A.B. asks: 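Let me give you the structure first, and then I'll get to my questions.
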2 protein chains.
Amino acid sequence: MIKHSRQRDAIRDNLMNRCDHPTAETVYMDIKEDFPNISLGTVYRNLSLLSELGEIQKISTGAGPDRFDGNVKPHCHFQCKMCYNVLDIPFEYPEELNAHASKSFPGIIEGNSIQFYGLCPNCMNTH
Amino acid sequence: MIKHSRQRDAIRDNLMNRCDHPTAETVYMDIKEDFPNISLGTVYRNLSLLSELGEIQKISTGAGPDRFDGNVKPHCHFQCKMCYNVLDIPFEYPEELNAHASKSFPGIIEGNSIQFYGLCPNCMNTH
DNA sequence: ATTGATATTAGTAACAGTTCCTATTATCGA
DNA sequence: TCGATAATAGGAACTGTTACTAATATCAAT
């Protein structure tokens, strides 16, 4: 049974009201302004819970800490190899991928994640 | 300037002669049979170097340690949510993805990775 | 073959990110 | 208001990985 908690609300709200892809640490620093005593463990615990519940999305990039996304609509991400920033790729998501892959795979495919990498617009211009 | 090393050869060979997606730890344990004194740091260093050189591929899954793949041809991976094993998805890789994404993204897209998740054939049957 | 410059190593310490533990506090149905 | 228990703060512990250092291996020039 899940009980309500003000901290969890704040974490959810923080993610819903931003368009970037913050780390747990970033969310933690932000929420500290309203909850000076909030613990980093609480942030991690609730980010995990919320992503299990499907209210947010966890993005593991392989470079640096995990990111989180309040937008759970399927979409692709891009990580810059230079600044490690994560951006959305705004193109039509290939919805048929799961079905396509299932044909050649004898297990159960529940979902997928597509990530691009390269140079972000910012780093592209300054180097 | 890169100098030859027997340890690096053994690491490369190990990855080339297997079809799974071992972790650094697994490679380390395997190679210990031929190089009892090899250090885990050496394995990590060479796996990084080899993947920078494009001789092998690094797979970051977001669940558990990184995996490595001696097959550098573009292909998709699947990770089981239950046993965390990583498998290949043997379907035609959507080569046009990068070009497609580039149209709607003002940075430079160098590559992508597609990962599926769900239940592997093994876990599907035993649960 | 010997030498010298330096890339690489083994071993270990340090580090980053995350999870776990425990006593205390907040939530919420009865 | 009370009682059961979910959630918390704070910090310790853990996992995967990288960094450090003295010793060793490689290899081009002699």
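Computed from a predicted model, the values in this text were never measured in an experiment. Residue numbering restarts at 1 for every chain, and letters A, B, ... go by the order of the sequence lines.
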A.B. asks: Quick check: do B:His4 and B:Asp9 have side-chain heavy atoms less than 4.5 Å from each other?
C.D. replies: yes
A.B. asks: Would you kindly give the CD-to-P distance between A:Gln7 and D:dA7, to the nearest whole Å?
C.D. replies: 11 Å
A.B. asks: Report yes if the side chains of B:Ile59 and B:Gln115 come closer than 4.5 Å at any heavy-atom pair, otherwise no.
C.D. replies: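 Yes, their side chains come closer than 4.5 Å.
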A.B. asks: Under 3.5 Å between N/O atoms: give me all the protein pairs with nucleotides 27-30 of chain C, atom names plus distance.
C.D. replies:
unit_1	atom_1	unit_2	atom_2	d
C:dT27	OP1	A:Arg6	NE	3.4
C:dT27	O2	A:Lys3	NZ	2.8
C:dC28	OP1	A:His4	N	3.2

A.B. asks: Would you say the side chains of A:Gln79 and A:Thr61 form a donor-acceptor pair under 3.5 Å?
C.D. replies: yes
A.B. asks: Which comes earlier along DNA chain D counting from the 5' end, the contact point of B:Tyr44 or that of A:Ile11, where each point is its nearest nucleotide?
C.D. replies: A:Ile11
A.B. asks: Just how far, in rounded Å, is P of C:dC20 from CG of A:Leu47?
C.D. replies: 15 Å
A.B. asks: Could you work out how much the helix from C:dA1-D:dT30 to C:dA30-D:dT1 bends, comparing the axis of its first five pairs with that of its last five, to 10°?
C.D. replies: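 The end-segment axes of the helix from C:dA1-D:dT30 to C:dA30-D:dT1 are tilted 40° relative to each other.
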A.B. asks: So do the side chains of A:Pro121 and B:Phe105 get within less than 4.5 Å of each other, counting heavy atoms only?
C.D. replies: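 A side-chain contact under 4.5 Å exists here.
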A.B. asks: Any side-chain heavy atom of A:Gln57 within less than 4.5 Å of one from A:Asn71?
C.D. replies: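 No, every pair of side-chain atoms sits at 4.5 Å or beyond.
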A.B. asks: Out of D:dT17, D:dA9, C:dT9, which nucleotide sits closest to the side chain of B:Arg45?
C.D. replies: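 Ranking D:dT17, D:dA9, C:dT9 by closest atom to the B:Arg45 side chain puts C:dT9 first.
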A.B. asks: Is B:Lys32 close to B:Ile38 at the side-chain level, that is, under 4.5 Å between some pair of heavy atoms?
C.D. replies: yes
A.B. asks: Can you tell me if the side-chain N/O atoms of A:Asn37 get under 4.0 Å from OP1 or OP2 in C:dT25?
C.D. replies: no
A.B. asks: Nearest to the side chain of B:Ser39, which nucleotide is it out of C:dG11, D:dT8, C:dT18?
C.D. replies: C:dG11
A.B. asks: Pick base, sugar-phosphate or nothing for B:Arg8, based on heavy-atom distances below 4.0 Å to the nucleic acid.
C.D. replies: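 Here B:Arg8 touches the backbone only, sparing every base.
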A.B. asks: Report yes if the side chains of B:Asn122 and B:Cys83 come closer than 4.5 Å at any heavy-atom pair, otherwise no.
C.D. replies: no
A.B. asks: Can you tell me the distance, in whole Å, between the OH atom of A:Tyr28 and the P atom of D:dG11?
C.D. replies: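 Those two atoms, OH and P, are 10 Å apart.
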A.B. asks: Given side chains that start at C-beta, do those of A:Ile109 and A:Leu97 come closer than 4.5 Å, heavy atoms only?
C.D. replies: no
A.B. asks: Identify which nucleotide among C:dA10, D:dT17, D:dA9 has an atom closest to any side-chain atom of A:Ile38, counting heavy atoms from C-beta outward.
C.D. replies: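 In terms of side-chain proximity for A:Ile38, the closest of C:dA10, D:dT17, D:dA9 is D:dA9.
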A.B. asks: If you measure only the distance, is there a donor-acceptor pair under 3.5 Å linking the side chains of A:Ser48 and A:Arg45?
C.D. replies: no
A.B. asks: Starting from P on C:dC15, measure out to CD on A:Glu25 and report it in whole angstrom.
C.D. replies: 17 Å
A.B. asks: For the pair made of CD in B:Glu52 and C1' in D:dT18, what is the distance, rounded to whole Å?
C.D. replies: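 Atom CD in B:Glu52 sits about 13 Å away from atom C1' in D:dT18.
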